[in-house]
Amino acid sequence: MGRQPVGMDELVEHWTVLDDELELVAGKRGGTRLGFALLLKFYTRHGRFPRGRVDFPDEVVDFVARQMRVSAADFDFYQWSGSTIEYHRSQIREHLGFRACSVQDAEKLTTWLASNVAHAERNADRVREELLKRCWEEFIEPPAPERIMRMVRSALHTAEETWFTTVAARLPAEAREKVLALDD
C-alpha cells in the first residue's frame, strides 16, 4: 500500500514558512536553508525531529524549496549528523520554547505517568500517547522511541506494584498470610 499524496490544503496549512520562521532561516544558504526550514516545519507539525529524508514526501520538499528559493535537489546535501544539525535543533527548540528531555524530566514524567495514567490505563500504546501529550504540554522534546518505551514500561510496572501494595495493606493480616501461603 502506497503513501497518499500530500494535498495542497495540508501543504499550505502545515508547511508554509511563516514570517517569524523566515527570520530564523535568514543567513542560511542552499541545502542548509532548505534543511533547516523542513526541520522547523516538521517539528511544529509532529512535535519531534525527523529521522531523516525518508520522513519528507517529495511534495513537501518541493513546496518548502519554492518558498526558500532553492532547488529541492539541494535537500540531498543536508547533513543528518554533526554539529550543523545539532545547532539547527537547538535553534528550533529555543524558537519554539522547547527543551531536550533531561534525566530529571524523564524521571518526573515517568512518576507522573505511573500516578496519573498507568494506574487506570494498562494499554502501553495509550500510556505512550499520554506521555507524548504531556511532553508537548510541558514543552519537552519527546525522548527517543526506545527511551519512551522504557518510561512507559516503568510507569506501568510502578502502577502495578503500587496497586498490589495498596491491596495487600487493606487485607487483614490473616488473609495476607493465607495468600502468601499459596506460594508454598
Side-chain angles (χ1 to χ4, degrees), residues 3-4 6 10-11 13-18 20-21 23-25 28 32 34-57 60-61 64 78-171 176:
R3 179 188 60 79
Q4 292 289 333
V6 180
E10 182 180 345
L11 289 171
E13 181 177 353
H14 298 292
W15 298 99
T16 298
V17 180
L18 306 174
D20 65 322
E21 296 168 337
E23 293 173 18
L24 286 173
V25 176
K28 295 172 175 58
T32 301
L34 178 56
F36 182 90
L38 284 164
L39 283 181
L40 174 61
K41 297 311 296 183
F42 189 94
Y43 197 96
T44 58
R45 172 86 169 103
H46 298 286
R48 65 173 177 84
F49 287 110
R51 294 177 299 268
R53 172 64 172 94
V54 69
D55 285 338
F56 295 97
V60 168
V61 174
V64 176
Y78 188 72
Q79 297 293 314
W80 290 97
S81 62
S83 60
T84 300
I85 194 169
E86 291 305 318
Y87 180 60
H88 288 175
R89 288 177 176 174
S90 173
Q91 285 181 298
I92 291 167
R93 278 188 210 104
E94 184 178 328
H95 173 73
L96 297 173
F98 278 77
R99 66 180 185 277
C101 186
S102 68
V103 172
Q104 294 80 13
D105 289 328
E107 290 171 356
K108 180 180 167 187
L109 288 165
T110 304
T111 300
W112 176 85
L113 269 182
S115 300
N116 297 287
V117 179
H119 73 284
E121 178 58 67
R122 304 303 298 160
N123 181 296
D125 288 335
R126 290 192 193 118
V127 174
R128 179 186 165 280
E129 289 171 16
E130 291 301 318
L131 171 60
L132 293 174
K133 283 183 200 172
R134 185 66 174 197
C135 285
W136 189 258
E137 291 166 2
E138 297 285 328
F139 292 93
I140 299 170
E141 180 183 330
E146 304 81 31
R147 189 173 185 196
I148 287 174
M149 286 316 298
R150 285 193 307 271
M151 292 167 67
V152 166
R153 283 193 301 266
S154 176
L156 286 167
H157 176 76
T158 300
E160 185 176 87
E161 290 295 316
T162 301
W163 183 81
F164 284 128
T165 301
T166 302
V167 169
R170 291 180 181 167
L171 291 173
R176 277 196 307 269

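No hydrogens, no waters, no symmetry mates; every other heavy atom, side chains included, goes into these values.
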Asks: Can you list the residues that meet the side chain to side chain contact (heavy atoms under 4.5 Å, CB included) rule with Leu96, with sequence neighbours excluded?
Replies: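 For Leu96 the side chain to side chain contact (heavy atoms under 4.5 Å, CB included) partners, ignoring immediate neighbours, are Leu40, Tyr43, Thr44, Ile92, Phe98.
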
Asks: Return the set of residues passing side chain to side chain contact (heavy atoms under 4.5 Å, CB included) with Gln104 (not counting sequence neighbours), or none when no residue passes.
Replies: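 Partners of Gln104 by the side chain to side chain contact (heavy atoms under 4.5 Å, CB included) criterion, ordered by chain and then number, come out as Ser102.
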
Asks: Measuring from atom CG of Leu132 to atom CG of Leu109, what distance do you get when rounded to the nearest 0.5 angstrom?
Replies: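 So the gap between those two atoms works out to 10.0 Å.
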
Asks: Please report the closest heavy-atom contact between Ala118 and Val127, naming both atoms and the distance.
Replies: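 Looking at all heavy atoms of both residues, the closest pair is CA-CG2, 4.5 Å.
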
Asks: Quick one: salt bridge (charged side-chain N to carboxylate O under 4.0 Å, His left out) pairs with a partner in residues 151-167, sequence neighbours left out?
Replies: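 The answer is Arg122-Glu160.
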
Asks: Just how far is it from atom CG of Leu131 to atom CE of Met149, taken to the nearest 0.5 Å?
Replies: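 Atom-to-atom, Leu131:CG and Met149:CE are 10.0 Å apart.
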
Asks: So, for Ala159 and Ala114, which heavy atoms are closest and what is the spacing to 0.1 Å?
Replies: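 The pair with the smallest heavy-atom distance is CB-O, 3.8 Å.
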
Asks: Does the His95 side chain pair with the main chain of Gln91, one donor and one acceptor, at a distance under 3.5 Å?
Replies: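 Flag not set: sc His95 to bb Gln91 has no pair under 3.5 Å.
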
Asks: Measuring only between side-chain heavy atoms, which start at C-beta, is Asp125 closer than 4.5 Å to Val152?
Replies: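 Heavy-atom side-chain distance check fails, nothing below 4.5 Å.
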
Asks: What pairs meet the salt bridge (charged side-chain N to carboxylate O under 4.0 Å, His left out) rule with one or both residues in residues 85-104, with sequence neighbours excluded?
Replies: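 Listed once each, the pairs are Glu86-Arg89, Arg93-Glu141, Arg99-Asp105.
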
Asks: Which class fits the ring pair Trp80 and Tyr78: parallel under 30°, tilted 30 to 60°, perpendicular over 60°?
Replies: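 Perpendicular.
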
Asks: List the atom pairs, donor and acceptor, that lie under 3.5 Å between side-chain atoms in residues 48-55 and the rest of the protein, sequence neighbours left out.
Replies:
from, atom 1, to, atom 2, distance (Å)
Arg51, NH2, Asp55, OD1, 2.8
Arg53, NH1, Phe56, O, 2.6
Arg53, NH2, Asp58, OD1, 2.8
Asp55, OD2, Arg51, N, 2.6

Asks: Out of curiosity, Lys41 NZ to Leu18 CG, how far, rounded to the nearest 0.5 Å?
Replies: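 The CG atom of Leu18 is 4.5 Å from NZ of Lys41, to the nearest 0.5 Å.
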
Asks: If you take all heavy atoms of Thr110 and Ser154, which pair is closest and at what distance?
Replies: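 Closest heavy-atom pair between Thr110 and Ser154: CG2-OG, 3.6 Å.
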
Asks: Is any side-chain heavy atom of Glu10 closer than 4.5 Å to a side-chain heavy atom of Arg45?
Replies: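 Yes, their side chains come closer than 4.5 Å.
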
Asks: Write out all pairs satisfying salt bridge (charged side-chain N to carboxylate O under 4.0 Å, His left out) with one or both partners inside residues 106-121, taking only residues at least two apart or from two chains.
Replies: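 Those involving residues 106-121 are Glu121-Arg126.
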
Asks: Has Ser115 got a side-chain atom pairing as donor or acceptor with Thr111's backbone, closer than 3.5 angstrom?
Replies: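 A pair under 3.5 Å: yes.
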
Asks: Testing the basics here: between Cys135 and Pro143, what is the closest heavy-atom pair and its distance to 0.1 Å?
Replies: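 Answer, listing the atom of Cys135 first, then Pro143: SG-CD, 4.4 Å.
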
Asks: Quick check for you: to the nearest 0.5 Å, what is the distance between Thr165 atom OG1 and Trp163 atom CH2?
Replies: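 Answer for the OG1-CH2 pair, Thr165 versus Trp163, is 10.5 Å.
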
Asks: Indicate yes or no: at least one non-hydrogen side-chain atom of Thr158 is less than 4.5 angstrom from one of Leu113.
Replies: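 A side-chain contact under 4.5 Å is absent here.
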
Asks: To the closest 0.5 Å, what do you measure between OG (Ser83) and NE2 (His88)?
Replies: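 Interatomic distance, Ser83 OG to His88 NE2, rounded to 0.5 Å: 9.0 Å.
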
